[in-house]
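Letters go in sequence order (proteins before strands), and every chain restarts at 1.
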2 protein chains.
Amino acid sequence: MTLELKPVQALALWQDVVLETVRREGPDLSSRQFAILLTVYLTSPPHTVRGLAGALNVSKPAITRALDALGQLDLLKRKRDEADRRNVLVQRTVKGSVFLRDFADLVTSVAGRLEA
Amino acid sequence: MTLELKPVQALALWQDVVLETVRREGPDLSSRQFAILLTVYLTSPPHTVRGLAGALNVSKPAITRALDALGQLDLLKRKRDEADRRNVLVQRTVKGSVFLRDFADLVTSVAGRLEA
DNA sequence: CTAGACTGATCCGGGGCCGAAACGGATCTG
DNA sequence: CAGATCCGTTTCGGCCCCGGATCAGTCTAG
């Protein structure tokens, strides 16, 4: 079974969620930063700078900066790969898990209020 | 009837959509700009700078700048209110309609591929 | 051991966005 | 009228992000 979602519902869902995140004065992530966050939490490790750059079709410095910002917010952390010290492994944090769980709840709640 | 969406599905949906929009090298809108765009197209007119600023809980100059950017992209246009020439009415454009319809199709298509 | 490949970080000039404050035009009010 | 008020825009100093080029550290093949 797949999830049915009409175009008008999709836009309404997006609007409510984006509006809510804009209104709340929480950490305001760019779409790239958010994409990185979601990718790290939803796809299987390991996650490297180069890998993320390729996955998002973005330059390496952009990933480095995004990791700086996300690390500052404690939503993600870096760890040297001891097996190959050239690599940096991007890992989850407790705060990041909580942040994404809250976000998921927001989306489901908005979806629940949507007329189907 | 309401729309059922589990937290894990919500995150997966969001990741796929955000990842796709980041990868595509289309106009890369900030969340505020996108929120403005959605608000103008989904809620009933008239839309003024002050009204949008209040709705998004954001300063007026931020709205002005966002309208500059969205106008440059031809996704939205400004029009003087002839009844009260202090006001600026924000209006839709053909290109904006197409842009949002495409986006809605992207979301529905991703949702359709989601395991329910 | 060394030359080369590969990693992530940094440098750099350029550009966008930020909010507070000030501005000019339009409108209302006394 | 003149002053107060409302509107959107502009100015200002500051901060963050952009990507190409380059860097230092690490690994590997010969």
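Taken from CZ in A/R32 to CG in A/N57, the straight-line distance is 9.0 Å, to the nearest 0.5 Å. Note that CG of B/L89 is 9.5 Å distant from CZ of B/R80, once rounded to the nearest 0.5 Å. The distance from atom CD1 of B/I36 to atom OG1 of B/T39, rounded to the nearest 0.5 Å, is 7.5 Å.
In plain terms, the two heavy atoms of A/A69 and A/Q33 that are nearest each other are CB-NE2, 3.5 Å.
Between A/Q72 atom CD and D/dC15 atom P the separation is 14 Å, expressed in whole Å. Atom CG of B/L89 is separated from atom P of D/dC7 by 13 Å (rounded to the nearest Å). Here the C1' atom of nucleotide D/dT5 and the CG atom of B/D84 are 12 Å apart, to the nearest Å. Atom CZ in A/R85 sits about 12 Å away from atom P in D/dG25, given to the nearest Å.
In terms of modelled atom types and a separation under 3.5 Å, the side chain of B/Q9 and the main chain of B/K6 share a donor-acceptor contact. Between the side chain of A/T93 and the main chain of A/D74, a donor-acceptor pair closer than 3.5 Å is present.
Scanning DNA chain C 5' to 3' for nucleotides with an atom closer than 4.0 angstrom to a non-hydrogen atom of chain A gives a first and last hit of C/dC6 to C/dT10.
Within the 4.5 Å cutoff, the side chain of A/V8 has no heavy atoms near those of the B/L42 side chain.
Note on B/E82: nothing from the nucleic acid sits closer than 4.0 angstrom, heavy atoms only.
Toward the 5' end of DNA chain D, the nearer of the two residues A/A83 and A/R32, judged by each one's closest nucleotide, is A/R32.
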Nucleotide-resolved protein contact map, nucleotides 8-14 of chain D, B/S/- at heavy-atom distance under 4.0 Å: BBB----
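A/F103 pairs by the ring pair (Phe, Tyr, Trp, His ring centres under 6.0 Å) definition with A/F34, B/W14, not counting sequence neighbours.
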